[in-house]
Amino acid sequence: MTAQRLYVDVSILQTVPPSNMNRDDSGTPKQAVFGGARRARVSSQAWKRATRTHYADGVPEADRATRTKKITELLATRLRDGEGLAEEPADRLAAALVASLEIKKSAKKDDQSAYLLFFGKPQLDNIIGLVKGRAQEFAELDADELKRRVAELPVAEQLRKGHPAEVALFGRMVADLPSLNVDASVQVAHAISTHQVQNEFDYYTAVDDENEGKKDENEGKKRDKEDTGAGMIGTVEFNSATLYRYATLGVHQLLENLSDAEATADTAAGFLDSFARSIPSGHQNSFAHRTVPHLVLVTLRTDQPVNLVGAFEEPVRSRDGIADTSVLRLAEELTETAETWGIAPALTLATYGAAGDAQDKAEAAFGPSIRFPQLIERVRGAVSGWLATGEVR
């Protein structure tokens, strides 16, 4: 019998160079005021998508999840390819199958839903399985009979079970059909800089490669004014920062969503790997901002998740680099939180590259640094052990 709850808290310190990986509607890097100081910010939505797509890259295409308004189109394609229906009958039957879910249609496109739906591609195959070998028969029914026959099929049930890991992790909300809702097992905080940040501007020009600088006959060697200057001029805002990132995974909720202990342990490990290695891709061609974390701290807790962002309520100020000082702050916050509130983690694991005084204090708070692949396996083993025995080791 397992304990009631297990949380895998992930705290990451990551330094990024000049970048604009997550911008607002005016193109400005997102920001937030925290502790009375303006900080660089990367929204939780941006990092969740980066994590989800990184995770999906390791999953076979046929087993992936997708988030789309085009569920009818996807079903119609399967009916044509798998059941041999012509385009019109396939579209008609697919529309009837989706209509049975009573999901609101788009006001602009009748064959699309009004909002994005998140589901697994195998779940679509299961829906098609309901009419397997009978698709032509269904497609030939008149409108009323088709609606009645499809209503007898457990279409919604196929979306309530067999969730792919991505849906089990990040959840699903369907306003029109609450029975299709899936509670997310992961919560992700907005990443913020551990220090105060001011945005800067990059003024850039683009050269017209076909501008050969033609000579004006009346001006000798002077270039024609129409052929001088840049082909394009613009500016882009950017900043650089050491970010504190945080996410928590409820293993108990993940188990409920997946209904499989082994899959739960594998998915927990996969999420940790993808959250640590992923990075939002905004303006990546202009800034090449991909870095790896300075520190990855994982704490397993059986009481409640704990976001350690309070370590940076007073912004870090240093002329000798921000990252190591941020590690010190995080180590102090973890120790103080455990002692003051009596909520010490059941297990603490960390991968980091701090030096000097930060190294000593990091080891005291986090334990010795271990290689990241080893950390992933330790977390997988701890989750498996908890699922089997109810204890964290």
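Everything numeric here is computed off the predicted structure, so don't read it as measured data.
- Ion pairing of Arg160 with Glu157 is present here, as a side-chain N (NZ or NE/NH1/NH2) and a carboxylate O approach within less than 4.0 Å.
- A donor-acceptor pair is defined here as one N or O able to donate and one able to accept, closer than 3.5 Å; such a pair exists between the side chain of Ser100 and the backbone of Leu97.
- Taking every heavy atom of both residues into account, Arg92 and Ala139 meet most closely at NH1-O, 2.6 Å.
- Relative orientation of the Phe170 and Phe271 rings is perpendicular, given thresholds of 30° and 60° on the angle between their planes.
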Taking only distance into account, with no hydrogens and no angle test, what donor-acceptor pairs under 3.5 Å do side-chain atoms of residues 21-36 form with protein atoms, sequence neighbours excluded?
from  : atom 1 : to     : atom 2 : distance (Å)
Asn22 : OD1    : Ser43  : N      : 2.8
Asn22 : OD1    : Ser43  : OG     : 3.2
Asp24 : OD1    : Ser26  : N      : 2.9
Asp24 : OD1    : Ser26  : OG     : 2.8
Asp24 : OD1    : Gly27  : N      : 3.2
Asp24 : OD1    : Thr28  : N      : 3.0
Ser26 : OG     : Thr28  : OG1    : 3.3
Thr28 : OG1    : Glu237 : OE2    : 2.5

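- Hydrophobic clustering of Ile, Leu, Val, Met, Phe, Trp and Tyr side chains at less than 4.5 Å, counting indirect connections, keeps Val197 apart from Ile192.
- The closest donor-acceptor contact from the side chain of Thr235 to the backbone of Asp202 lies at 3.5 Å or more, if one exists at all.
- Side-chain atoms of Glu145 do not come within 3.5 Å of backbone N or O of Asp142 as any donor-acceptor pair.
- Around CZ of Arg148, the count of heavy atoms belonging to other residues, nucleotides or ligands within 6.0 Å exceeds 12.
- Scanning all heavy atoms of the two residues, the minimum distance from Leu255 to Thr264 falls at CA-OG1, 3.4 Å.
- Following chains of ILVMFWY side-chain contacts shorter than 4.5 Å, one can reach Val131 starting from Leu85, so the two form part of one hydrophobic cluster.
- Put simply, the side chain of Thr68 reaches to within 4.5 Å of the side chain of Phe119, judged on heavy atoms.
- Counting heavy-atom neighbours within 6.0 Å of Gln187 CD, excluding the residue itself, gives a total of 12 or less.
- Rounded to the nearest 0.5 Å, atoms CG (Leu146) and CD (Glu140) are 11.5 Å apart.
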Evaluate side chain to side chain contact (heavy atoms under 4.5 Å, CB included) for Asn181 paired with Asp183, printing each intermediate quantity in order.
CA-CA 7 Å; Asn181 290 349; Asp183 289 337; 5.5 Å; no

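- Closest of all the heavy-atom pairs between Arg245 and Ala276 is NH1-O, 3.8 Å.
- To the nearest 0.5 Å, atoms OG1 (Thr72) and CG (Leu93) are separated by 11.0 Å.
- At a threshold of 4.5 Å between non-hydrogen side-chain atoms, the residues Arg39 and His190 do not count as touching.
- Side-chain atoms of Thr51 and Ser274 form no donor-acceptor pair, as typed in the model, at a separation below 3.5 Å.
- Remark: the backbone N or O of Ala168 is paired with a side-chain donor or acceptor of Ser185 at under 3.5 angstrom.
- By the 6.0 Å and 45° rule, Arg149 stacks over the aromatic ring of Phe138.
- Between Arg67 and Arg52 there is a side-chain heavy-atom pair separated by less than 4.5 Å.
- More than 12 non-hydrogen atoms from other residues, nucleotides or ligands lie less than 6.0 angstrom from CD of Glu152.
- Looking at Glu83, its side chain never comes within 3.5 Å of a backbone N or O of Arg78 through a donor-acceptor pair.
- The heavy-atom pair separating Val188 from Ala247 by the smallest distance is CG2-CB, 4.0 Å.
- For the pair Glu102/Asp176, no side-chain contact is recorded, criterion being any heavy-atom separation below 4.5 Å from C-beta on.
- At least one side-chain heavy atom of Trp47 sits under 4.5 Å from a side-chain heavy atom of Ile279.
- Side chain of Glu377 to backbone of Pro373: no donor-acceptor contact under 3.5 angstrom is found.
- Distance alone, capped at 3.5 Å, is enough to place a donor-acceptor pair between the Tyr244 side chain and the Leu308 backbone.
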Worked verdict on Asp266 versus Arg380 for side chain to side chain contact (heavy atoms under 4.5 Å, CB included):
CA-CA 7 Å; Asp266 289 343; Arg380 187 199 308 271; 2.7 Å; yes

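- Side chain of His289 to main chain of Ser240: no donor-acceptor pair is present (N/O by atom type, distance under 3.5 Å, no hydrogens or angles).
- Screening Thr15, Asp324, Thr242 for a side chain to side chain donor-acceptor pair (under 3.5 Å) with His294, the sole residue that qualifies is Asp324.
- Note on Ile103 and Ile128: same hydrophobic cluster, where clusters join Ile, Leu, Val, Met, Phe, Trp and Tyr whose side-chain heavy atoms are under 4.5 Å apart, directly or indirectly.
- Not one N or O on the side chain of Thr389 forms a donor-acceptor pair closer than 3.5 Å with the backbone of Trp386.
- Considering every non-hydrogen atom in both Leu79 and Ala94, the closest pair reads CD1-N, 3.8 Å.
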Apply side chain to side chain contact (heavy atoms under 4.5 Å, CB included) to Thr267 and Leu249, showing your working.
CA-CA 10 Å; Thr267 301; Leu249 166 65; over 6 Å; no

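- In this structure, His54 has its ring center at least 6.0 angstrom away from the ring center of Phe275.
- In this structure, Pro345 and Leu334 approach most closely via the heavy-atom pair CG-CD1, 4.2 Å.
- Hydrophobic clustering (ILVMFWY, side-chain heavy atoms < 4.5 Å, transitive): Leu387 and Leu258 are in one cluster.
- In this structure, the side chains of Gln304 and Trp341 stay at 4.5 Å or more apart for every pair of heavy atoms.
- Ring pair Phe287/His283 is perpendicular by interplanar angle, where above 60° counts as perpendicular and below 30° as parallel.
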Pair Asp91, Arg80 - check salt bridge (charged side-chain N to carboxylate O under 4.0 Å, His left out), show working.
CA-CA 9 Å; Asp91 291 345; Arg80 291 195 299 272; 3.6 Å; yes

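- Interatomic distance, OG of Ser106 versus CG of Asp111, reported as 8.5 Å (0.5 Å rounding).
- Residues Arg64 and Asp57 are in side-chain contact: their nearest non-hydrogen atoms beyond the backbone lie under 4.5 Å apart.
- Residue Ile71 holds its CD1 atom at 12.0 Å from CG of Leu116, rounded to the nearest 0.5 Å.
- Side-chain contact between Pro17 and Thr291: present, with at least one pair of heavy atoms (C-beta onward) separated by less than 4.5 Å.
- Remark: Lys121 NZ is packed, more than 12 non-hydrogen atoms of other residues, nucleotides or ligands lying under 6.0 Å away.
- In this structure, CZ on Arg5 lies 11.0 Å from CG on Asp303, to the nearest 0.5 angstrom.
- Between Met173 atom CE and Leu180 atom CG the span is 12.0 Å, to the nearest 0.5 Å.
- Between the side chain of His195 and the backbone N or O of Pro315 there is no donor-acceptor pair closer than 3.5 Å.
- Criterion: ILVMFWY side-chain heavy atoms under 4.5 Å apart, direct or through other members. Under it, Leu254 and Tyr55 are part of a common hydrophobic cluster.
- Counting non-hydrogen atoms of other residues, nucleotides and ligands closer than 6.0 Å to CZ of Arg378 gives a total of 12 or fewer.
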Run the side chain to side chain contact (heavy atoms under 4.5 Å, CB included) check on Leu272 and Ile376 step by step: do they pass?
CA-CA 7 Å; Leu272 173 57; Ile376 295 291; 3.6 Å; yes

